[in-house]
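Because only heavy atoms are used, hydrogens play no part in the values below, and waters and symmetry mates are left out as well, while side chains stay in. Please read all numbers here as calculations on a predicted model, not as lab measurements.
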Amino acid sequence: MLSLSYSFRLTSLPIMKRQRPKPTPIPPPTPPLFTTKPRSQTHHNPTKKPKSKWVPLNLTQSELSLPLTFPTGQTFRWKQTGPLQYTGVVDSHLVSLTHLRNGDVSYCLHHTTTSETSARSALLDFLNVGISLSEIWEVFSASDPRFAELACHLGGARVLRQDPLECLIQFLCSSNNNIKRITKMVDFVSSLGTFLGTVEGLQFHQFPSLDQLASVSEDQLRQAGFGYRAKYIIGTVSALQSKPGGGEEWLASLRNMDLQEVIDALSTLPGVGPKVAACIALFSLDQHHAIPVDTHVWQIATRDLLPELAGVRLTPKLCSRVSEAFVSKYGKYAGWAQTLLFIAELPSQKALLPAHFWSTKEKKSTKTKNG
């Protein structure tokens, strides 16, 4: 199997750290509250049930836009539970996030098995708040006018820092798949984990451990609609269980390696190719310059970075060249730049952009629909 090859020199963009925000005495906002309903006595009930209250997260919309972060292909476990509200699980914490009228982000902790302090800390880590999005984008915008204009319309598209096992299994489900089917598969896998509660009629589970994942058979996954991906999930779980010290510890250790070592290590797992490995590296393993190359990213590259390759068929070797081009232009946080550029190509977001961002074909299509 070919893997991505990175032979490039990173630009000198410094690693930018934000101070972890401290709670302020601002009175909590009062959007509609959601209570958690027990599913049945056969399910584990968390030991602590905090009162439902909304707490400021001290993040502006320019640092975190929920609609531009959660439903855009990084994770398939967060559900929309309100007009500007998304609910999901971080570790063992069931939490909702929403935008206030001024755009700031607030959170509501529904269930936790530890403490509210631990839950907030885990949430901030998951949201990657140690990295200042506005500072990174300022550097990108200074060297790329197109990026600068996109950033004005699509501010707050963050890269998440997910649990590596959770991220890995999700992207095994994503191979040659569509959002609806991926979400259905991820929901099935999630149901193997501990039930945490219900928000707006939707059930939420802690992501299953390796032992819990090992309890399902390939036949069960195939019956649930996983197709050929079933053998990859079973094979990957088995491979991780055989790792010295445990598979979850092995995955976490990849955060301390160079990107090429991470890609090579992940590519030893069944069903993990270069693109899936790059997704896992970027969205869970602190590899901020990893570039998942698919047809959308290839189109971006041939239009804006490598126009000499326009019309050429994408190959594994060219995937490596695309990655190098992104890193050469955007530096150590190239994966964050690629994420925004990818989101700008999604039909739901492109519709919000000025017409000059659209191709001639897209403009004609829109005129036809509008009659």
Side-chain angles (χ1 to χ4, degrees), residues 1 70-79 88-94 122 125-126 159-196 202-243 245-255 262-263 265-287 290 292 294:
M1 177 181 297
F70 287 107
T72 52
Q74 290 190 61
T75 177
F76 305 93
R77 296 231 309 142
W78 283 67
K79 313 294 184 184
V89 176
V90 179
D91 295 340
S92 60
H93 317 296
L94 175 57
D125 181 72
F126 170 75
V159 170
L160 299 171
R161 189 176 192 257
Q162 302 177 59
D163 172 78
L165 176 61
E166 181 175 335
C167 190
L168 166 60
I169 299 300
Q170 288 186 86
F171 279 96
L172 282 176
C173 294
S174 74
S175 177
N176 297 315
N177 214 345
N178 59 59
I179 296 293
K180 185 176 181 180
R181 286 192 66 204
I182 297 168
T183 302
K184 184 177 179 180
M185 292 178 188
V186 171
D187 285 346
F188 179 87
V189 172
S190 298
S191 70
L192 302 172
T194 302
F195 175 73
L196 296 181
L202 299 173
Q203 297 180 347
F204 293 89
H205 298 76
Q206 184 174 357
F207 197 77
S209 65
L210 275 175
D211 287 342
Q212 288 173 317
L213 288 170
S215 68
V216 67
S217 68
E218 181 177 338
D219 284 343
Q220 287 175 306
L221 291 177
R222 286 186 178 276
Q223 289 173 12
F226 283 69
Y228 68 86
R229 303 167 195 84
K231 67 179 179 181
Y232 291 149
I233 291 175
I234 296 300
T236 289
V237 169
S238 177
L240 290 174
Q241 285 185 309
S242 68
K243 297 291 183 184
E248 291 172 271
E249 182 179 327
W250 178 79
L251 285 170
S253 72
L254 299 182
R255 286 175 169 166
V262 172
I263 297 295
L266 291 172
S267 296
T268 65
L269 300 173
V272 178
K275 179 197 166 185
V276 168
C279 288
I280 299 163
L282 176 61
F283 300 136
S284 71
L285 297 175
D286 299 337
Q287 302 293 330
D294 63 3

Heavy-atom closest pair (P292 atom, C279 atom, distance to 0.1 Å) is CB-SG, 3.5 Å
Notebook entry, point to check: Parallel, tilted or perpendicular: which fits the ring planes of H205 and F195, with parallel below 30° and perpendicular above 60°?
Noted result: perpendicular
| message | Looking at I234, is its backbone amide N or carbonyl O close enough to the side chain of S238 to form a donor-acceptor pair, meaning the two atoms are under 3.5 Å apart? | response | no
Contacts of F204 meeting ring pair (Phe, Tyr, Trp, His ring centres under 6.0 Å) (sequence neighbours excluded), chain-then-number -> none
Residues 165-193 vs salt bridge (charged side-chain N to carboxylate O under 4.0 Å, His left out), sequence neighbours excluded, gives R77-E166, K79-D187
I'd like to know if the side chain of T268 and the backbone of A265 have a donor-acceptor N/O pair within less than 3.5 Å. yes
Interatomic distance, CD1@I280 vs CG@L165, rounded to 0.5 Å, equals 10.0 Å
For this session: Would you indicate whether the side-chain heavy atoms of N177 and R229 approach each other to under 4.5 Å?
Result: yes
Taking every heavy atom of L221 against every heavy atom of A230, the minimum-distance pair comes out as CB-CB, 3.6 Å
On a heavy-atom basis, the closest approach of C173 and I182 is O-CG1, 3.8 Å
Between L254 and P164, is any pair of side-chain heavy atoms under 4.5 Å apart?
no
Q) If only atom types and distance count, is the side chain of D91 paired as donor or acceptor with the main-chain N or O of H93 below 3.5 Å? A) no
Across all chains, not counting sequence neighbours, the salt bridge (Lys or Arg N to Asp or Glu O under 4.0 Å) partners of E218 are R222
Sorted by chain and number, sequence neighbours left out, side-chain hydrogen bond (donor to acceptor under 3.5 Å, both in side chains) with Q74 holds for none
Aromatic rings W78 and F126: how do their planes relate, parallel, tilted or perpendicular, breaks at 30° and 60°? parallel
Give the ring-plane orientation class for F76 versus F171, where under 30° counts as parallel, over 60° as perpendicular and anything between as tilted.
perpendicular
Residue set satisfying side-chain hydrogen bond (donor to acceptor under 3.5 Å, both in side chains) with T75, at least two apart, ordered chain then number -> Q170
In terms of heavy-atom contacts, Q241 and L210 come closest through NE2-O, 3.9 Å
Residue set satisfying side-chain hydrogen bond (donor to acceptor under 3.5 Å, both in side chains) with E249, at least two apart, ordered chain then number -> none
Quiz prompt | Side-chain (T236) to main-chain (P270) donor-acceptor, under 3.5 angstrom | solution = yes
Worksheet entry | Side-chain (S175) to main-chain (L172) donor-acceptor, under 3.5 angstrom | no
When every non-hydrogen atom of L266 is compared with those of L285, the smallest separation belongs to CD1-CD1, 4.0 Å
